[in-house]
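Here the structure is laid out as structure tokens; the discussion comes afterwards.
On a predicted model such as this, the values are computed, not experimentally measured, just so you know. These values consider heavy atoms only, across backbone and side chains, with no hydrogens, waters or symmetry-generated copies.
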Amino acid sequence: MLKHLFTCFFLFTLIPLSAQELNVSLTTGNASTLINDGYMEASVQGGKPPYTYRWSNQSTPLDASKATGLVEGVKYSLEVTDSEGKSQKVTEKVKSQSVTEHFNGAFSPLVEGLTTILFWDPFEAIGIYDPRSFAQNKEVEIPGWEAGMKDKFTLKQWLVQSGSHVNEGEPVAVVLSQNQGELRVNAPATGILQPLVKTGETIYNAENKEDLIETGAHVFAKVKYDSPVVLTHPNGDARTHPIPFIVIWLVLGAIFFTVKMGFINIRGFKHAIQLASGKFNEDDAPGKITHFQAFATATSATVGLGNIAGVAIAISLGGAGATFWIIMAGFLGMSSKFVECLLGLKYRTIADNGNIFGGPMNYLRYGLEKRNLKSLGKFLAAFFAVLCVGFSFGGGNMFQANQSYEILSNQFPVLEGLGFWVGVVLAILVGIVIIGGIDSIAKVTEKIVPFMAGLYIFGALVVILVNIGNIGQAFSAIWDGAFNPSALKGGFIGVLVIGFQRGVFSNEAGVGSAAIAHSPVKTNHPPSEGFVGLLEPFVDTIVVCTLTALVIIFTGKHEVEGLGGVALTSEAFASVISWFPYLLAVAVFLFAFSSMVSWSYYGLRAWTYLFGNSKKSELAYKLVFVIFVVVGASVSLGAVLDFSDMMILSMSFPNIIGLYIMSGEVRKDMQNYLKKLKKGELFSSQKNQDKVTA
């Protein structure tokens, strides 16, 4: 009997134990056939509430049992922990329903793999840099404050003494709003209170232009943490600001070429203007297009969404200070463009039918062959060509078509649901231009580029002039933000990397693409095209990107939370010119169109390098290209476009290797050219004129 009692007692003790075991299951769902709208919901049994949900999806908070906006076909993990520390980890994926979801899900791992390579941080790897973002302080802000709100806030009373130790949630101050009355402010964190404003002083006044532009004008105190705190994503992962290898690769290359060429980006600027303006055109020289047409074609490929959306993204992530480093990226990139455009023309080949082949494929192969590096040259040239073809279909085509349709449909609702037909119209327009070859492309771009750039620059200058009173505060925000940014913006390293990253991604300096556009120029002097090429980063980055940044900062929109990309730029313009977003949509469409026709030529030259330069080969490429225009405007391919967009960064690997090896040759050619130019021995237009100085 006693034996049975002990058995029953043992069984009863097991029942509550088993009831306390943590059991997590996931339910998945797919909201539609559109990409990136999958969801997962966790069901938890056992354990002791409350539960912490740590999703691998960084945008899902720790207290959320449901994750949304997930990529279909990709595995996500969830680790649930109860209040006693028990945890269980589960993994699941949302099933794909449509073809686009299958493509998107298949390419996501490729994007992740390419990101791991391109954005690998060598400084973190060797242990000399911690990419995590640490905060020393937590800012005390006006409750409910939003950028641009029309109100005046005054500090009515401090409820605790300066230097006091406060706990998170403890009342610390009373703020008086002109519109809302008294607002009680609680400590946002635990630590030492450090007031920045005295009782009775104005914190923020919408009528004060300095408050409109100043970063953090709504902050009136700080709470110094007891120890530095790691900033995290909603899911608890640490926020990091690595120093990507690809940015280091491009920036170090640009610095090297700037020094090696004796700051040609400064001393060659005047001569570059002379060449682009047609002063030294050589009509009888071999080639097909003028200096200006090459400049317009190459610029049309770089001036686009990166200048409008990319700059806005940089400012939303890195603040106003990112503008300074964008400008520096453009300045240094001028030297990279000089080197690659000079080599592109020097190693071009002209076929019997008049077709001209040049660019990195040629100078990597034949330039390195001259140095007994034939095998390396052939490999680098083929590698570059494959990447160039891939990007021409993706980032240079589908991405442009996709974004131009999205922007147009947002501003003109009548176009919603008509992506396929907009794509067809766009494909016809692109087809008409590219079938005519480089002559036709050059004629179109030389007309579109000045018009679209002029339109955009005019709108930007209007906004800046209307807010010209903010100029002092705007440049202070840029300077302070460049060298003294907050931890939330990534600190000094984070802002520097963000600025350089957006700058080099926009102007493509070091990528080698522009060298293809400059190869068909009518000239007997390859260095002349290097000078013309250095103007492109100046126009693309130093002028257009900077104007976009100034529009956002002058209007105070750099403080807006939750907006980025084209939406942020559009709102900044609309704050001064209500109807300008419609004009902006048209400008973006023209930017995208010109980028497509230019990249069709880049891709074609790479295609013919790989598959031969027959008419059938060229026609096959052009037909595939226009088909991808329709596909890009019709569907969203998320990771497919991200993957192809990253291919342009990969192009810089083989290209810059070749530029390093041949930099001595470029320097020698440049010096000989400048000596002859100064003596008036190069161009017929120099006869009977004063000697030219460069």
Side-chain angles (χ1 to χ4, degrees), residues 26-41 56-60 66-76 92-115 304-305 309 387 389-410 412-428 430-431 564-567 588-589 592-593 595-596 599-600 603 623-648:
L26 285 175
T27 303
T28 64
N30 194 342
S32 71
T33 56
L34 299 176
I35 64 170
N36 302 342
D37 63 355
Y39 63 87
M40 292 183 187
E41 188 163 10
S56 58
N57 181 46
Q58 291 185 329
S59 62
T60 305
K66 184 176 182 178
T68 58
L70 305 181
V71 179
E72 298 83 1
V74 173
K75 287 185 178 181
Y76 288 90
E92 191 57 85
K93 66 180 178 181
V94 178
K95 291 183 178 180
S96 302
Q97 295 179 354
S98 64
V99 174
T100 54
E101 287 180 345
H102 280 288
F103 270 111
N104 188 50
F107 271 84
S108 290
L110 297 178
V111 172
E112 186 176 346
L114 200 52
T115 301
L305 293 170
L387 294 171
V389 170
F391 180 79
S392 73
F393 288 142
N397 181 343
M398 288 196 296
F399 175 76
Q400 304 294 333
N402 183 276
Q403 293 299 296
S404 60
Y405 167 67
E406 184 176 327
I407 292 163
L408 286 174
S409 61
N410 286 339
F412 305 100
V414 69
L415 296 176
E416 288 185 11
L418 299 177
F420 175 81
W421 295 109
V422 171
V424 169
V425 173
L426 190 54
I428 293 171
V430 171
V566 174
V588 169
F589 176 81
F593 175 75
S595 293
M596 281 189 280
W599 266 100
S600 71
L623 288 174
V624 173
F625 191 88
V626 295
I627 290 171
F628 273 110
V629 174
V630 180
V631 173
S634 303
V635 298
S636 296
L637 291 174
V640 179
L641 299 180
D642 291 340
F643 179 78
S644 61
D645 205 34
M646 285 188 178
M647 295 182 82
I648 193 171

Hey, what do you get for [atom1] ([X]) to [atom2] ([Y]), rounding to the nearest 0.5 Å?
X	Y	atom1	atom2	answer
Leu387	Ile648	CG	CD1	10.5 Å
Asp642	Phe399	CG	CZ	8.5 Å
Ser600	Phe628	OG	CZ	14.5 Å
Asn397	Ile627	CG	CD1	10.5 Å
Asn30	Gln97	CG	CD	3.5 Å

Just so I know, are the side chains of [X] and [Y] near enough to count as touching, which here means a heavy-atom distance under 4.5 Å?
X	Y	result
Thr60	Asn57	yes
Met646	Thr115	yes
Met398	Phe393	no
Glu92	Met40	yes
Val94	Glu101	no
Tyr39	Thr28	no

Would you say Asn104's side chain and Ile35's backbone share a donor-acceptor pair under 3.5 angstrom?
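No; zero donor-acceptor contacts below 3.5 Å.
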Does any N or O in the side chain of Tyr76 come within less than 3.5 Å of the main-chain N or O of Val71, such that one atom is a donor and the other an acceptor?
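Yes; at least one donor-acceptor contact below 3.5 Å.
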Check the orientation of Trp599 and Phe391. Use parallel for under 30°, tilted for 30 to 60°, and perpendicular for over 60°.
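Trp599 vs Phe391 ring planes: perpendicular.
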What pair of heavy atoms forms the shortest contact from [X] to [Y], and how long is it?
X	Y	value
Ser96	Gly73	OG-N, 3.7 Å
Gln400	Met596	CB-CG, 3.7 Å
Ser404	Leu426	OG-CD2, 4.0 Å
Ala427	Val630	CB-CG2, 3.7 Å
Val389	Gly603	CG2-O, 3.8 Å
Asn36	Glu72	N-OE1, 2.9 Å

Just checking Glu112: does its CD atom have more than 12 heavy atoms from other residues, nucleotides or ligands closer to it than 6.0 angstrom?
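Incorrect, the count does not exceed 12.
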Please list, chain by chain and in numerical order, all residues satisfying ring pair (Phe, Tyr, Trp, His ring centres under 6.0 Å) with Tyr405, sequence neighbours excluded.
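In terms of ring pair (Phe, Tyr, Trp, His ring centres under 6.0 Å), with neighbours along the sequence ignored, Tyr405 is linked to no residue.
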My understanding is that only residues two or more places apart in sequence, or in another chain, count here; which of them pass ring pair (Phe, Tyr, Trp, His ring centres under 6.0 Å) with Phe589?
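Per chain and number, Phe589 pairs via ring pair (Phe, Tyr, Trp, His ring centres under 6.0 Å) with no residue.
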